[in-house]
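What you are looking at is a predicted structure, and each value in this text was computed from that prediction instead of being measured.
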Protein chains: 4
Amino acid sequence: MFHIDALSRKPIYEQIVEQIERFVLTGLLKPGEQIPSVRSLSIELSINPNTIQKAYSELDARGIIRSVPGKGCFICENAPAVLTEHKRGKLSDLTRTIEELALAGIEKKEIEECVEKAYANILRKGEAGE
Amino acid sequence: MFHIDALSRKPIYEQIVEQIERFVLTGLLKPGEQIPSVRSLSIELSINPNTIQKAYSELDARGIIRSVPGKGCFICENAPAVLTEHKRGKLSDLTRTIEELALAGIEKKEIEECVEKAYANILRKGEAGE
Amino acid sequence: MFHIDALSRKPIYEQIVEQIERFVLTGLLKPGEQIPSVRSLSIELSINPNTIQKAYSELDARGIIRSVPGKGCFICENAPAVLTEHKRGKLSDLTRTIEELALAGIEKKEIEECVEKAYANILRKGEAGE
Amino acid sequence: MFHIDALSRKPIYEQIVEQIERFVLTGLLKPGEQIPSVRSLSIELSINPNTIQKAYSELDARGIIRSVPGKGCFICENAPAVLTEHKRGKLSDLTRTIEELALAGIEKKEIEECVEKAYANILRKGEAGE
DNA sequence: GTGGTCTAGACCACG
DNA sequence: GTGGTCTAGACCACA
């Protein structure tokens, strides 16, 4: 289920955060559902429990999961909405990124192809998942 | 000419690299032109010379500038082309970024607005600069 | 009668303690009255008996209930008085909490509104309950 | 400057967070100012650096400080405003706390005395600090 | 020197 | 069993 790249410069705990967020968006993890315990995931991924804990704390702080001592961690009811709004806030970053590409002489048409491709990919995966 | 945000999470050397690359793309620095020496820039920006050196080494490795011992650093002839190709290689990253936004329920229309806005901004600045 | 939020960060045993104390203060449970047995309550709330036991032990230690072996648990005669005095001891905590708000620039007027609102709420509920 | 109660049930990292927030509100730490480094504070308080790090991460996430790798941690410009808004959000908690006291038979007058005392204390300290 | 990440191993309260 | 805190000690990139 999880895939960790230990050699990536992206911290392990961040990789876990992103993957769980992705699972929520793809519907693999649904609101109310329990996620793997800190210890079990640490064993499954051969990663120190503290690292998992840090990832879960981050998700808790963002309102994606709810950590309940003695019981476990559960996906928040409004986790998908939280994620959508969080991503919407990154549209300005996207604009700046595209500006840099435009400045470098990348044609608008090439960017538009990326947009088409991205939405085509999502649609394809969505159909496969349904 | 340079603007460094000391409190940014982005490493200072990276800020310098990006700004010089930007100067090349906007035509503010032309191929063959000499850039400030490590020492003079370190004084101008009140920054450790090692940091400037690291930025210049990075630019040298990317083929943007060429260090000529005893004379200084100069913008490579094909620097603009190198940069364009480098950015083109990031189109796949862009596609993945857009995929994530799409997955989070961001409408295609919102992305397209970003694209339009980015190209409009570039055009505007380009006219102002000419 | 009881309402337990399993996903709350507040320990379940503490939720039970607070609710029984509240029942005593609102008159829903009167001195001398018997409260549900550990076993029956554990079944009713689908909660581990040990958890109920811990709540009852806490109430016993505070002088709110008295466990009579073989007969059950009963509300102490002076439970309401005990609770009032216990709460009065928390007035210093309240002062410190308000100090923090004041320090943060919250206007005295805003605090006074909270006081008014709180007493209005209690009055309203009291009338409804009577 | 700092005072840590190792025997408190309040986590050490949280005590540090609260004290720094308090220093910001009292003006002891001003926006833009650098706070003690993780290592120096860990030595001063005889506390593990990781614990300090956790406190600083929390403050960074809340927008109170800005951690800059290689440079240090600095109080954010709008830290006081952030704190005030954060505290204002706790007014509903305060109302509920007062409700509980009211229900227990605490006279409104006693609560009002707390309010007066709290604001008197703040005023007094403010004058002393000026 | 700075902050940040990770591991190993311990202890706690809660259920 | 669960999550949460803390320590000790290591390593990294950045300045």
Side-chain angles (χ1 to χ4, degrees), chain A residues 4 6 8-16 34-42 45-60 65-74, chain B residues 4 6-16 42 45-55, chain C residues 4 6-16 42 45-55, chain D residues 4 6 8-16 34-42 45-60 65-74:
Chain A
I4 299 301
S8 165
R9 58 242 300 158
K10 186 168 291 184
I12 294 175
Y13 82 93
E14 214 172 305
Q15 294 182 43
I16 295 172
Q34 187 167 6
I35 63 177
S37 78
V38 170
R39 287 163 173 78
S40 69
L41 190 55
S42 85
L45 302 179
S46 304
I47 280 176
N48 190 287
N50 286 333
T51 303
I52 310 288
Q53 182 79 264
K54 185 167 186 177
Y56 281 14
S57 297
E58 181 72 27
L59 286 164
D60 185 300
I65 69 170
R66 178 114 184 161
S67 291
V68 188
K71 306 205 195 71
C73 295
F74 306 84
Chain B
I4 300 300
L7 287 193
S8 166
R9 249 100 164 183
K10 186 168 291 183
I12 291 176
Y13 85 94
E14 212 173 307
Q15 293 183 44
I16 295 172
S42 85
L45 301 179
S46 307
I47 279 176
N48 191 312
N50 293 332
T51 306
I52 310 288
Q53 185 56 57
K54 181 158 189 179
Chain C
I4 299 300
L7 288 192
S8 167
R9 249 99 164 185
K10 187 167 290 184
I12 291 176
Y13 85 93
E14 212 172 306
Q15 293 183 43
I16 295 172
S42 86
L45 302 179
S46 307
I47 280 176
N48 191 311
N50 292 332
T51 305
I52 310 288
Q53 186 55 57
K54 182 160 188 176
Chain D
I4 299 301
S8 165
R9 58 243 299 159
K10 186 167 290 184
I12 294 175
Y13 81 93
E14 215 172 302
Q15 294 182 43
I16 295 172
Q34 187 166 5
I35 64 177
S37 79
V38 170
R39 287 164 173 77
S40 67
L41 191 53
S42 85
L45 301 180
S46 304
I47 281 176
N48 190 288
N50 286 333
T51 304
I52 311 288
Q53 183 80 266
K54 185 166 186 176
Y56 282 14
S57 297
E58 181 72 27
L59 286 164
D60 185 300
I65 69 170
R66 179 112 184 161
S67 291
V68 188
K71 305 204 195 74
C73 295
F74 307 83

> Has the side chain of Arg39(A) got a donor or acceptor atom sitting under 3.5 Å from an opposite partner on the base of dG1(F)?
no
> I need the minimum non-hydrogen distance between Arg9(C) and Ser67(A), along with the two atoms involved.
NE-O, 3.5 Å
> Between dC6(E) atom P and Ile47(A) atom CD1, what is the distance in whole Å?
8 Å
> On DNA chain E, check which nucleotide each of Glu14(C) and Ile12(A) is closest to and give me the residue with the more 5' one.
Ile12(A)
> Only one of Asn50(D), Thr51(D), Ile47(D) clears side-chain contact (heavy atoms from CB on, under 4.5 Å) with Tyr13(D); which?
Thr51(D)
> Return the value, rounded to whole Å, for the distance between atom CD1 of Ile4(D) and atom P of dT7(F).
10 Å
> Should dG4(F) form a Watson-Crick or G-U wobble pair with both distances under 3.5 Å, which nucleotide is its partner?
dC11(E)
> I need the Leu41(A) CG to Ile35(A) CD1 distance, nearest 0.5 Å.
8.0 Å
> For Ser67(A) and dG3(F), is the shortest distance between a side-chain N/O and OP1 or OP2 below 4.0 Å?
no
> Roughly, in whole Å, what's the span from CG in Asn50(B) to P in dT2(E)?
18 Å
> Quick one: pull up CD1 in Ile12(A) and CG in Leu45(A) and give me the separation to the nearest 0.5 Å.
9.0 Å
> Atom CD1 of Ile65(D) and atom C1' of dT2(E): how far apart are they, to the nearest Å?
13 Å
> Select from Asn48(B) and Ser40(A) the residue whose nearest nucleotide in DNA chain F is closer to the 5' end of that strand.
Ser40(A)
> Want to settle it: does Thr51(C) or Ser46(A) sit nearer the 5' end of DNA chain E, counting the closest nucleotide to each?
Ser46(A)
> What is the separation between atom OH on Tyr13(D) and atom P on dG4(F), rounded to the nearest whole Å?
9 Å
> Does Lys71(A) place a side-chain N or O at less than 4.0 Å from the phosphate oxygens OP1/OP2 of dG3(F)?
no
> Does Lys54(D) make a side-chain N or O approach to OP1 or OP2 of dC6(F) shorter than 4.0 Å?
no
> Measure from CZ on Phe74(D) to P on dT2(E) and round the result to the nearest Å.
11 Å
> Rounded to the nearest Å, what distance is computed from the CZ atom of residue Arg9(C) to the C1' atom of nucleotide dA13(E)?
15 Å
> Is any side-chain heavy atom of Tyr56(D) less than 4.5 Å from a side-chain heavy atom of Ser37(D)?
no
> Under 4.0 Å between a side-chain N or O of Gln53(A) and OP1 or OP2 of dG4(F)?
yes
> Among the nucleotides dT7(E), dA15(F), dG3(F), which one has an atom lying closest to any side-chain atom of Val38(A)?
dG3(F)
> Rounded to the nearest Å, what distance is computed from the CD atom of residue Gln15(B) to the P atom of nucleotide dC14(F)?
12 Å
